[in-house]
Structure formats: C-alpha cells, structure tokens
Peer 1: 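Attaching a single structure in structure tokens format; questions to follow.
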Number of protein chains: 2
Amino acid sequence: MLPEKRVNISQVAALAGVSKQTVSRVVNASPNVAKETRERVMQAIAQLGFRPSATARNLSQGRSYTLAVVGSNLGFLATDLYQGAAAQAEDMGYGLLLRTLADSSVEQVEALLLSLLDLQVDGVLWAIPDVGGNRAWLDSGLLSRIPLPVVFMSSEPRDGTVTVSFDNFDGARIATQHLIDSGHTCIAHLSGPLDWWVARERVRGWRAALTAAALPVDDGLIVEGDWSPAAGEQAMGRLLDTRRDIDAVFVANDRMALGALLAAHRRGVQVPQQLAVIGFDNIIESACFHPPLTTVLQDKRHHGEIAIATLAREVEVRLSGKPLAPRSTEELGHSLIVRESSGQV
Amino acid sequence: MLPEKRVNISQVAALAGVSKQTVSRVVNASPNVAKETRERVMQAIAQLGFRPSATARNLSQGRSYTLAVVGSNLGFLATDLYQGAAAQAEDMGYGLLLRTLADSSVEQVEALLLSLLDLQVDGVLWAIPDVGGNRAWLDSGLLSRIPLPVVFMSSEPRDGTVTVSFDNFDGARIATQHLIDSGHTCIAHLSGPLDWWVARERVRGWRAALTAAALPVDDGLIVEGDWSPAAGEQAMGRLLDTRRDIDAVFVANDRMALGALLAAHRRGVQVPQQLAVIGFDNIIESACFHPPLTTVLQDKRHHGEIAIATLAREVEVRLSGKPLAPRSTEELGHSLIVRESSGQV
DNA sequence: TTACAACTTGTTACCGGTAACAATCTATTA
DNA sequence: TAATAGATTGTTACCGGTAACAAGTTGTAA
C-alpha cells in the first residue's frame, strides 16, 4: 500500500505509542529496544508504509552515504569500470554520483570539490587519467584544505594521495617478454601519448624487458600514437616503411593494434609470420581481429570495484577520526591472453 | 579562505545584520532585496566563505536536483552515453546518480524506485534496454503509483511511458538500402538476439528495404547472434557454409560485423568483392577493420543528452502540476558512413 | 490628506530525521 | 535492604535551509 503522502517518523511513533527516537532505534536496528516494543513499532511501520527519508538523515548526520566519481571527456573510462564501481558501491551501502570535469585548473577542481562538499558527499573517486599537467592542482594543497577523501585511479603515486592503478609497467614487461620468448629480436613499440602516465609506464616496461634480454633498445623503435585505431595504422605504416628490420611490435592498446594490423595487411606483411603483434587491454573485439590478437588483460570491472572499496575504507578511517596514511597505493595485475597474432617463429 | 567548520546561513545573517530569510533571498537571487542589503549580505558571504548546504535545501524543498540513471549489466550502455547524460545534467543544474538493477522483477523494480524516492530524486532515466520480459513490471501499474517521472531509453513506445530511442527501423532500412543501391540482390542479415526490441526493429528495417525493392525476403537469410564478435564469426560462418548465393550482409552491430569479416577471411571470401558487409553503430574501431567497415552512425552521446533533457522537462511539468501526457516518444536519426566493406559491385 | 499598492524585511513554523542526555524501571550485588 | 549497573524509553535541541505570512516603509493616485 502506497500512502498518498509520505509518512514520517512522527506518525509511526504516534501509532505505536512511542517516541520518535524509539522508532528511529527500531529502524536502525539498535539493540536496546524491548522485543514487544520493536514488534509494535515494526507493525506500525508496515501498516503505514513508512520509509525513512534519506535526505533528513543526511542533514542530521552530516553525510550522504554517496560517493562521487569524477570523470572527464577523455574517453578513458570503460563501461565495465562504471559497472564494477556501481555494483561495489551498492554492495557497500553507498550511492554513486557521476560528475565530469572539463578542465583541471585549480579553480575548476576547487569549485568541483566544494560543490561535492555542499552535497555532503562522503568521498571522491578521481577517475580522470593522469595526463600532462592535470595533477598540478595537487601542488596547491587543495586536497589537504578540503575534508574529503579522494582516491585516484590510473595515477602516478604521490605523497598525500591514495591511488588504485594497474601495474602498467609490469603488464608491458609481460607483453614484451612474450614476444621475446617467441623468438623475436627486433621489437618495436607503438606507444600511447607520452604525456599519459600509463603510456610512459608501458614504454618503461617494454624497455625493461628488452634490457633484461640484452636486446637493443633503440628510440627509433618507438612511435607515439593517440590510442586511436587510425593513429595505430599511421604509426605502424611509418614503422613498416622505414624499419624493415623489425619482426615484432608491442602496441600499447588494442585499438591501435587494430590499426597496426590494417597497416600490415595494406602492405602485404603477414601477421604473425613476418610481424608478430601484441596488444594491451583485451577489448572484446580483439578476439576477432584478423588474426585474433594476443594481448594483455586488464580487468576494468575489478579496477572499479577495488577503487570503490578502497575509497569506502578511506571514508571510514576519516569518520573514525584516525589520521590518514600519507600515501597508499594499490596495484592490480595483468594476465596474458595468447592468440594468433604473436605466433611462434 | 576555507573556514574550519562549515558556515551556516545564520552566521551570515548575524554578520550582515539581517534575517536568515534575507540571506536566503540573496543566495537565490530573489529580486525583492534592496541593493545595499544585497551588497552587505554578499560581502558577509564572501567574508565567511559561506556555501549553502544542498542537503538542507533538499530537505526543505522536498527535492534533490538529482536524476538517477538506472543501468544493468547487459553491457549495453556506452561510455559516450554516460558522458552525454552527465554533461547535459550538469548544464541543466542536476546531479546524476548511477544505479544498477540486476533483475527486473516487479519487486526489485519497486524496491529500486522506492529507494530513489527516499533520496528525493527528481526523476529516473531508465537505461536498461528493452529485452525479453524486462518491461513486464510496467503492467503492474507501479509507475502510476510512484510519483516519479521516468524516461525510457531504447524502448518500445507504450502508453503511459516516455521514451527516447533511435529509430532503429529506419537505420536498418538505410543500411539495407545502401546494399541494394550498390547492386546487391541477395542480402542476408545477422541480427542481435531477437528478444531485444532494437534487434527486432533492425530486422524489420531490413525486411522493409528488401520488400520495397521487390527482393526476396527469406527467413533463412536471418541468423541470430548475441552482439558479440565471436557470435558474428560463428553466424557468418554458418551462413557462408550453407548459402553460397548471398552477396551481401547487413550485420546488426559493428562488433558482430568484425566477427563476420573474420569468418569471411577464414574461408577466403573476398570483402567486398564477393561479399559486401555493412554494420551498425560506427564504433571507433570500425574505421580500421579489414577492410574498413561501412556502417550506420548512432550518436550515443546525443542520445544521452536528449534523454536527460527530456527527463528534466518531464520533471518540470510534474512540479508545475500540469497533467502528464499519457505517452511521448522522441526518435533519433542515423547517418550512413560509407567505407570499403560495402564496395560497389 | 487618505488609501492603496509596491517594495522590503522579518517572524514563525516546518522539512524529517539523529545526537546527547535524562529519566525510569528492573535485576543483581554488597 | 540499599546501592548500582544495565536495559529501556523519552526529552530537548539541533542539522540548515525554505514556505507562508505578517509587518513596516515609501511613493503615488484619488
């Protein structure tokens, strides 16, 4: 039965013949309520169809049980990540508020955080990737002036921040190592834009694997793209046209790898016979590339879940009054998905 | 200057020597405040760093200036759509709350809507695609018992609902017509799961185009997939192995089209010379398929924007007390992106 | 001069909960 | 038997705004 107008706690109290506070205790499962009283109140609640107002609770408790996710228009956030974040938040009793930020200037970031504070949001998940100077606002000390826990995703760890990121260095190392293990010796790299932290990490992983195998690390083997398939095609084309010696390529994401495959086809270069290709991300399409792409799996859904769980923990720590750890980093691992494009030599 | 503790409206009032109400008027830009009073209040606001509590306003106004987006784990919602929705909501002064729903039973849906009501959410964007019986809860009359405007995305229009959808019928017609115009006469269709409304609409569009061109409409030319690349490969394989007469195929989404291309490659079937392929969606990858895929563009970002704008309008109509239109539908158009895969005969 | 409208500001009550503390009652212990 | 702890319930104040109405001031028209 849905009543015409919302029933409030006082009406329930009146019907049950108790005070508002007792009803509140029953609603919040406080142990200190006599069994019969509890039953009487619960019956009144059921009879009236009472549902407590989250808004009123927010006001009186000074918190909203809501976490904000801040994204950008960089097109970085996978749907999976949102799904994981939303599911985890719901599991833990939080709602998820979506915000976007166009420009990471100190003023804009401050305006955003203040507006979240106005909403009594409990914490913030910073889901904008670490690109160029878009973390510069951290140097302003804004974060310590604003009493709001923030967890950063895909960010270089820094003092005073909590981050949850994939270990892109290791993922790239694994990818490159796989090419080395398959017998390739001249391994190029199509990187993402080098102002992206994750792109630099992947370059670093590629470099580390080559160095460890005593293979030449030639900067001429790196070509920078912008993550798009078109950029992958162009970069691979340039590489194939100028460096006839390469026999394998580690591409920093699957989308660019798709472009790379197209560039190879267009030039009659056989994959994997003449050129082995490995990607990164394991997007669903990669299983049906021509040929199916060997790649490195990033479980984005898991990333979203862990990030929210970490943030929720951070929220609780703050509420409990304990001092925050000055820095904390959570790193997620990868796994290799071997398909045809990296075929053995 | 950020004060230690939040400043409230009474402190501002005291400093400016006016009543709370006058401060409230200034904050809300009410016209009935004398210029000097306004200035004095604004100065006090600036001096104290006062920011009104959104929570308190929510409680007293009975609304939250927040819209909820309800998604599912069907993996249907593109990032673009969220971006469009979030941007539009922010532009219009609303926040966006993300919720997921695992199961569309009447009980679950009721629980969800009631919990949104507890939060004083202003409206709901139903972003779960119309699949199987997952709109059956509408028949329970739940929607009319719950005073909350709901806008449905990608849904079959029904009485008592407001929908914002692409005109999938027309998009599919355009796609098929393009194959016909290119001189193809035996055009197959790889459809999405037929319990999806959008999949059925696309089948209908395909059928209509063939009928209009007086081409045979053979149910044996339809193979059903599950939107995934792997399903596309399998379905296309089955088709190629059994129907040597087809010379073109309209695939219901780009992902399956990718699988279809792989199936063709694997069988030595040349695209587009022996088989023309057209997809649907224009995912970014499709430009670098092998060959680049002709497809139909759906502007998901726009979809999100229009949906939120429609919902916001619906919210305002409710608040103004006017009766709601019993049904309203907004349809979004498509455009054709011609690339190599559909090459002229 | 009076009356009335328009503008400006204040008063009071209320939105619907929770925190903090007080009060009452019962059972156990000294 | 009195003191005290523990369980239960109520009282009061408060979270921070806004709605509705009242009241005072000023200017203009009758």
Side-chain angles (χ1 to χ4, degrees), chain A residues 3 5-42 44-45 48-66 114-115 117-122 319 321, chain B residues 3 5-42 44-45 48-66 114-115 117-122 319 321:
Chain A
K5 213 174 163 324
R6 271 193 92 83
V7 171
N8 63 31
I9 200 172
S10 300
Q11 293 170 264
V12 175
L15 178 59
V18 297
S19 70
K20 293 199 308 183
Q21 188 60 229
T22 297
V23 177
S24 175
R25 289 192 182 101
V26 171
V27 167
N28 293 294
S30 157
N32 295 332
V33 179
K35 194 151 167 260
E36 308 114 41
T37 310
R38 181 189 312 281
E39 272 163 16
R40 196 147 35 88
V41 170
M42 299 225 304
I45 288 175
L48 296 176
F50 167 69
R51 299 190 54 104
S53 155
T55 304
R57 197 191 40 168
N58 293 353
L59 179 59
S60 113
Q61 296 199 133
R63 62 178 296 197
S64 65
Y65 297 92
T66 298
L114 287 177
S115 82
L117 222 41
D118 298 341
L119 290 163
Q120 313 256 39
V121 155
D122 291 352
L319 290 178
Chain B
K5 215 176 162 323
R6 272 193 90 85
V7 171
N8 63 31
I9 200 172
S10 300
Q11 293 169 264
V12 175
L15 178 60
V18 297
S19 69
K20 294 199 306 182
Q21 187 60 228
T22 298
V23 177
S24 174
R25 288 190 183 103
V26 171
V27 168
N28 295 293
S30 157
N32 295 333
V33 180
K35 194 150 166 266
E36 308 111 44
T37 310
R38 179 189 313 280
E39 273 163 16
R40 197 148 33 89
V41 170
M42 300 225 302
I45 288 175
L48 296 176
F50 167 70
R51 299 192 51 106
S53 154
T55 305
R57 196 190 41 168
N58 292 353
L59 179 60
S60 113
Q61 295 198 135
R63 61 178 295 196
S64 65
Y65 298 92
T66 297
L114 287 177
S115 81
L117 222 42
D118 297 342
L119 290 163
Q120 313 258 38
V121 154
D122 291 353
L319 290 177

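All figures in this text were calculated on a predicted structure; none of them were measured in a lab. Values below: all heavy atoms of this structure, side chains included; hydrogens, waters and symmetry mates excluded. Below, chains carry the letters A, B, ... as their sequence lines are ordered, and counting in each starts from 1.
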Peer 1: Please classify the nucleic acid contact of A:V27 as base, sugar-phosphate, or nothing, using heavy-atom distances under 4.0 Å.
Peer 2: nothing
Peer 1: With a non-hydrogen cut-off below 4.0 angstrom, is A:R51 in contact with a base, only sugar-phosphate, or nothing?
Peer 2: sugar-phosphate
Peer 1: Can you measure B:K35 atom NZ to C:dT8 atom P for me and round it to whole angstrom units?
Peer 2: 12 Å
Peer 1: If you assign B:R40 and A:S53 each to the DNA chain C nucleotide with the nearest heavy atom, which residue ends up on the more 5' nucleotide?
Peer 2: B:R40
Peer 1: Between C1' on C:dC15 and CG on B:D118, what's the gap in Å once rounded to a whole number?
Peer 2: 15 Å
Peer 1: Figure out the CD/C1' separation between A:Q11 and C:dC15, and round it to whole Å.
Peer 2: 13 Å
Peer 1: Report yes if a donor N or O on one partner sits less than 3.5 Å from an acceptor N or O on the other, where the partners are the side chain of A:K20 and the base of D:dG10; otherwise report no.
Peer 2: no
Peer 1: A:E36 has an atom CD; how far is it from atom C1' of C:dT26, in whole Å?
Peer 2: 14 Å
Peer 1: Please pick, from C:dG10, C:dT18, D:dG10, the nucleotide with the shortest atom-to-atom distance to any side-chain atom of B:R25.
Peer 2: C:dG10
Peer 1: Give B:Q21 one of three labels, base, sugar-phosphate or nothing, depending on what nucleic acid heavy atoms sit under 4.0 Å from its own.
Peer 2: base
Peer 1: So does B:N58 get a backbone contact from the side chain of B:S64, meaning a donor-acceptor N/O pair under 3.5 Å?
Peer 2: no
Peer 1: Is the shortest side-chain heavy-atom distance between B:V27 and B:S24 below 4.5 Å?
Peer 2: no
Peer 1: Between D:dT9, C:dG10, C:dT18, spot the one nearest the side chain of A:R57, thanks.
Peer 2: C:dT18
Peer 1: Side-chain N or O of B:T22 less than 4.0 angstrom from OP1 or OP2 on C:dG10?
Peer 2: yes
Peer 1: Taking only the side-chain heavy atoms of B:N32 (C-beta and beyond), determine which of D:dT18, C:dT8, D:dG17 contains the nearest atom.
Peer 2: C:dT8
Peer 1: Atom CG of B:L119 and atom P of C:dG16: how far apart are they, to the nearest Å?
Peer 2: 15 Å
Peer 1: In whole angstrom, give the distance that lies between atom CG of A:L59 and atom P of C:dC15.
Peer 2: 14 Å
Peer 1: For the CD atom of B:Q120 and the OG1 atom of B:T66, what is their distance to the nearest 0.5 Å?
Peer 2: 10.0 Å
Peer 1: Select base, sugar-phosphate, or nothing to describe what A:S19 touches, counting heavy atoms under 4.0 Å on all strands.
Peer 2: base
Peer 1: Is A:T37 touching bases, backbone alone, or none of the nucleic acid, heavy atoms closer than 4.0 Å?
Peer 2: sugar-phosphate
Peer 1: Could you state the CD1-P distance from B:I9 to D:dG16, rounded to the nearest angstrom?
Peer 2: 11 Å
Peer 1: Would you indicate what A:V18 reaches in the nucleic acid, counting non-hydrogen atoms under 4.0 angstrom: base, sugar-phosphate, or nothing?
Peer 2: sugar-phosphate
Peer 1: Closer than 3.5 angstrom, by distance alone: can the side chain of A:N28 be matched with the main-chain N or O of A:S30 as a donor-acceptor pair?
Peer 2: no
Peer 1: Quick one: OG1 on A:T22 to CZ on A:R40, what's the gap to the nearest 0.5 Å?
Peer 2: 9.0 Å
Peer 1: Atom CZ of A:R63 and atom P of C:dG17: how far apart are they, to the nearest Å?
Peer 2: 18 Å
Peer 1: With a non-hydrogen cut-off below 4.0 angstrom, is A:N58 in contact with a base, only sugar-phosphate, or nothing?
Peer 2: nothing
Peer 1: Side chain of B:F50: nearest nucleotide among C:dA19, D:dT9, D:dG17?
Peer 2: D:dG17
Peer 1: Return the 5'-most residue of the pair B:A56, B:R38 with respect to DNA chain C, ranking by each residue's nearest nucleotide.
Peer 2: B:R38
Peer 1: With sugar-phosphate meaning primed atoms plus P, OP1 and OP2, does B:N8 contact a base, only sugar-phosphate, or nothing at under 4.0 Å between heavy atoms?
Peer 2: sugar-phosphate
Peer 1: Tell me whether B:R38 contacts the main-chain N or O of B:R25 through its side chain, where contact means a donor paired with an acceptor under 3.5 Å.
Peer 2: no
